[in-house]
Asks: 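One structure follows; several queries about it will come next.
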Amino acid sequence: MLPWRATDGGRPDPYHVWLSEIMLQQTVVATVIPYFGRFIERYPTVADLAAAPDDDVLGLWAGLGYYARARNLIACARAVVAAGGFPATIDGLRALPGIGAYTAAAIGAIAFDLPVVPIDGNVERVAARIGAVTTALPAGKAEIARVAAWLGEHAAARAAPGDFAQALFDLGASLCAPRSPSCLVCPWRGDCAGHAAGIAATLPRKAARAPRPVRFGTVFLLRDADGAIGLRRRPPKGLLGGMMELPGTVWEAAMPDAPPPMRAAWRDAGVVVHVFTHFELRLRVMAAEVAALPEGLVAAAVDAPLPSLMRKAVSMGLGGLD
DNA sequence: AAGTCGGGGCA
DNA sequence: TGCCCAGACTT
């Protein structure tokens, strides 16, 4: 049972629904579950979250990715508290930071039973197959939306929009899987034009993606006499915005020159390969032990909250010391 | 419409 | 190795 779902009979908590939907943006359920539990434990209500220091929230989000979500999460929580609660309309939800068309519909349907069909990747796939939409995405989006709206006219959807939406998610995550859908046992098989045409598994069609370029860089792991490591904070916006990182070079198509932050007995600890959405990064990790950290670096524990890329780099840099 | 923005799991 | 995931936001 998913921890953000309402127990039988009760209405789901809008705070839980909202938090889970933000975390679930482009993120699989299994990854979200432990983060959701830690957030609810530390911030039992949206007011607790709104009152928390930014760094605490970013730290608890570290590793989950798409850090703009965490920044918008804070802003949204404070807006909700200032307004006295979550808005119960699509327009009101859509106006909040971090809530787009999908998330507004999801919260509206699940938390407030508004008669809408949230279109995420799962529903997009289910609708494209049921309607046999062969127009490739993103051009086929409007056509898919019409099929989804038609699904929303179903009696089950009208009776319980929230349950219907979550049932569509479950269908897309199980039977109507991306690669090999289980059409023979699907409850929609008789109404699925994609299955009737024998093309269900090929839908939805998508435009070809551009190849992923490679960038190179170097980071420097310094450990002082107390065992602390030297970190700095990234700019508030952009990639890994607002998160802590190891000091290092810019990341470029060719390995940039790497002047270390101070004189030390540097050793090459290896290369971390990390794949982002639109480029691949090969990050060389240089490590050294020094008496004291240089100016501009913050002393942090080796297990300080970090993005996964930086966690991998720290792990690699420390590993060579033993 | 296209680009930016993480991370992990799976065939 | 490529694709996918309960997408939002900027340009």
Side-chain angles (χ1 to χ4, degrees), chain A residues 2-5 12 16-36 58 61-73 75-76 93-111 116-126 136-142 148 162 164-174 176-181 201-202 204-215 234-243 245 272-281 306-312:
Chain A
L2 300 177
W4 46 84
R5 287 201 178 168
H16 292 186
V17 174
W18 163 71
L19 179 60
S20 68
E21 288 299 338
I22 300 301
M23 290 182 164
L24 286 163
Q25 288 168 2
Q26 292 295 288
T27 309
V28 294
V29 167
T31 300
V32 166
I33 287 176
Y35 281 88
F36 180 83
L58 287 174
W61 194 277
L64 194 53
Y66 284 135
Y67 298 95
R69 294 186 295 174
R71 303 193 293 272
N72 286 329
L73 190 81
C76 185
L93 290 165
R94 179 67 182 80
L96 290 167
I99 298 183
Y102 160 75
T103 304
I107 298 172
I110 297 170
V116 291
V117 179
I119 304 178
D120 70 329
N122 287 311
V123 177
E124 198 169 61
R125 181 171 56 256
V126 171
L137 291 169
K141 214 167 179 179
F164 186 78
Q166 295 179 85
L168 278 181
F169 299 157
D170 291 343
L171 180 65
S174 56
C176 203
R179 288 185 174 77
S180 54
T202 71
R205 295 179 184 165
K206 300 192 176 179
R209 304 189 175 190
R212 200 191 324 263
V214 181
R215 295 183 193 172
R234 292 180 61 86
K237 293 184 179 179
L239 191 71
L240 308 178
M243 304 302 291
E245 69 169 358
V272 169
V273 178
H274 191 80
V275 180
F276 291 97
T277 304
H278 54 294
F279 68 95
E280 173 185 320
L281 179 64
L306 289 173
S308 289
L309 162 65
M310 293 299 159
R311 176 114 328 272
K312 286 194 285 187

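In what follows, chains are A, B, ... by sequence order, proteins preceding strands, each numbered from 1.
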Asks: Base, sugar-phosphate alone, or nothing: which one does A:Trp4 contact when heavy atoms must sit under 4.0 Å apart?
Replies: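 Here A:Trp4 touches the bases of the nucleic acid.
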Asks: Mind checking A:Arg125 for me? I need base, sugar-phosphate or nothing, with any heavy atom below 4.0 Å counting as a touch.
Replies: sugar-phosphate
Asks: Between A:Glu245 (CD) and B:dC5 (P), how many Å, whole number?
Replies: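 In whole Å, B:dC5 P and A:Glu245 CD are 14 Å from each other.
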Asks: Nearest to the side chain of A:Pro138 - B:dA2, B:dG6, C:dA6?
Replies: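 So the nucleotide nearest the side chain must be B:dA2.
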Asks: How many whole angstroms separate atom OH of A:Tyr35 from atom P of C:dA6?
Replies: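 Result: 17 Å.
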Asks: Phosphate oxygens OP1/OP2 of B:dG6: is one of them under 4.0 Å from a side-chain N or O of A:Arg311?
Replies: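 No, outside the criterion.
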Asks: Among B:dG7, C:dC9, C:dA8, find the nucleotide with the atom closest to the side chain of A:Gln25.
Replies: C:dA8
Asks: Below the 4.0 Å mark, does B:dG7 have OP1 or OP2 next to a side-chain nitrogen or oxygen of A:Tyr67?
Replies: yes
Asks: How many whole angstroms separate atom CZ of A:Arg212 from atom P of B:dG6?
Replies: 14 Å
Asks: Closest to the A:His278 side chain: B:dG8, B:dC5, C:dA6?
Replies: B:dC5
Asks: For A:Ala139 and for A:Arg69, find the nucleotide of DNA chain B with the closest heavy atom, then tell me which residue's nucleotide is more 5'.
Replies: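 The residue whose closest nucleotide sits nearer the 5' end is A:Ala139.
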Asks: Of the nucleotides C:dA6, B:dG7, C:dC4, which one has an atom closest to the side chain of A:Lys206?
Replies: C:dC4
Asks: Would the base of B:dG6 count as contacting A:Thr27 through its side chain, where contact means a donor and an acceptor less than 3.5 Å apart?
Replies: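 Yes, the side chain and the base share a sub-3.5 Å donor-acceptor pair.
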Asks: Answer yes or no: is there a donor N or O on one side and an acceptor on the other, between the side chain of A:Tyr67 and the main chain of A:Ala62, under 3.5 Å?
Replies: no
Asks: Determine the contact category for A:Gly63: base if any of its heavy atoms lies under 4.0 Å from a base atom, sugar-phosphate if only primed atoms, P, OP1 or OP2 are that close, otherwise nothing.
Replies: sugar-phosphate
Asks: Starting at CG of A:Asp170 and ending at C1' of C:dC5, how long is that distance when rounded to a whole Å?
Replies: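 Computing the A:Asp170:CG to C:dC5:C1' distance gives 15 Å.
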Asks: Base, sugar-phosphate alone, or nothing: which one does A:Leu64 contact when heavy atoms must sit under 4.0 Å apart?
Replies: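 It contacts base atoms.
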Asks: Within the 4.0 Å heavy-atom criterion, would you say A:Arg71 contacts the bases, only the backbone, or no part of the nucleic acid?
Replies: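 The answer is nothing, as A:Arg71 stays clear of every strand by at least 4.0 Å.
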Asks: Contact class for A:Pro307 (heavy atom, under 4.0 Å): base, sugar-phosphate, or nothing?
Replies: sugar-phosphate
Asks: May I ask you to verify whether the side chain of A:Thr277 and the base of B:dG6 hold a donor-acceptor pair under 3.5 Å?
Replies: yes
Asks: In whole angstrom, give the distance that lies between atom CZ of A:Phe169 and atom C1' of C:dG7.
Replies: 12 Å
Asks: Look at the side chain of A:Ser308 and decide which nucleotide, out of B:dA11, C:dC5, B:dG7, has an atom nearest to it.
Replies: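 So the side chain of A:Ser308 is nearest to B:dG7.
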Asks: Would you mind classifying the nucleic acid contact of A:Ala101 as base, sugar-phosphate or nothing, using non-hydrogen atoms under 4.0 angstrom?
Replies: sugar-phosphate
Asks: Taking A:Ile99's backbone N and O only, do any of them form a donor-acceptor pair with A:Arg94's side chain (distance below 3.5 Å, no angle check)?
Replies: yes
Asks: Report which part of the nucleic acid A:Leu73 touches: base, sugar-phosphate, or nothing (heavy-atom distance under 4.0 Å, all strands).
Replies: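 No contact.
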Asks: Using OP1 and OP2 only, check whether a side-chain N or O of A:His274 sits under 4.0 Å from B:dG6.
Replies: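 A:His274 to B:dG6 OP1/OP2: no side-chain N or O under 4.0 Å.
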Asks: Want to settle it: does A:Thr103 or A:Pro204 sit nearer the 5' end of DNA chain C, counting the closest nucleotide to each?
Replies: A:Pro204
Asks: Round to a whole Å and report the spacing from CD of A:Glu21 to P of C:dC5.
Replies: 15 Å
Asks: Please report the distance, rounded to the nearest Å, between CZ in A:Phe36 and P in C:dA6.
Replies: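 That distance rounds to 16 Å.
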Asks: Please check if the side chain of A:Arg69 supplies one atom and the backbone of A:Gln25 the other of a donor-acceptor pair under 3.5 Å.
Replies: yes
Asks: Between A:Glu245 and A:Arg234, is there a salt bridge with N-O shorter than 4.0 Å?
Replies: yes
Asks: Is it the case that the side chain of A:Arg71 and the backbone of A:Gly241 share a donor-acceptor pair, with hydrogens and angles ignored and the cut-off at 3.5 Å?
Replies: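 A pair under 3.5 Å: yes.
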Asks: Please measure how far the P atom in B:dT4 lies from the corresponding atom in C:dA6, and state the result in whole Å.
Replies: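 So the two P atoms sit 24 Å from each other.
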Asks: Expressed in whole Å, how much space separates the P atoms belonging to C:dT11 and B:dG6?
Replies: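 The answer is 16 Å between these two P atoms.
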Asks: For this output row, return yes or no: ring centroids of A:His278 and A:Phe276 closer than 6.0 angstrom.
Replies: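 No - the distance between ring centres of A:His278 and A:Phe276 does not fall below the 6.0 Å cut-off.
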Asks: Just by distance, do the side chain of A:Arg212 and the backbone of A:Thr277 share a donor-acceptor pair under 3.5 Å?
Replies: yes
Asks: Indicate whether OP1 or OP2 belonging to C:dC9 is found under 4.0 Å from a side-chain N or O atom of A:Arg94.
Replies: yes
Asks: Could you state the CZ-P distance from A:Phe276 to C:dG2, rounded to the nearest angstrom?
Replies: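 Going from CZ in A:Phe276 over to P in C:dG2 covers 18 Å.
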Asks: Take atom C1' in B:dC5 and the same atom in C:dC5, then report the distance between them in whole Å.
Replies: 15 Å
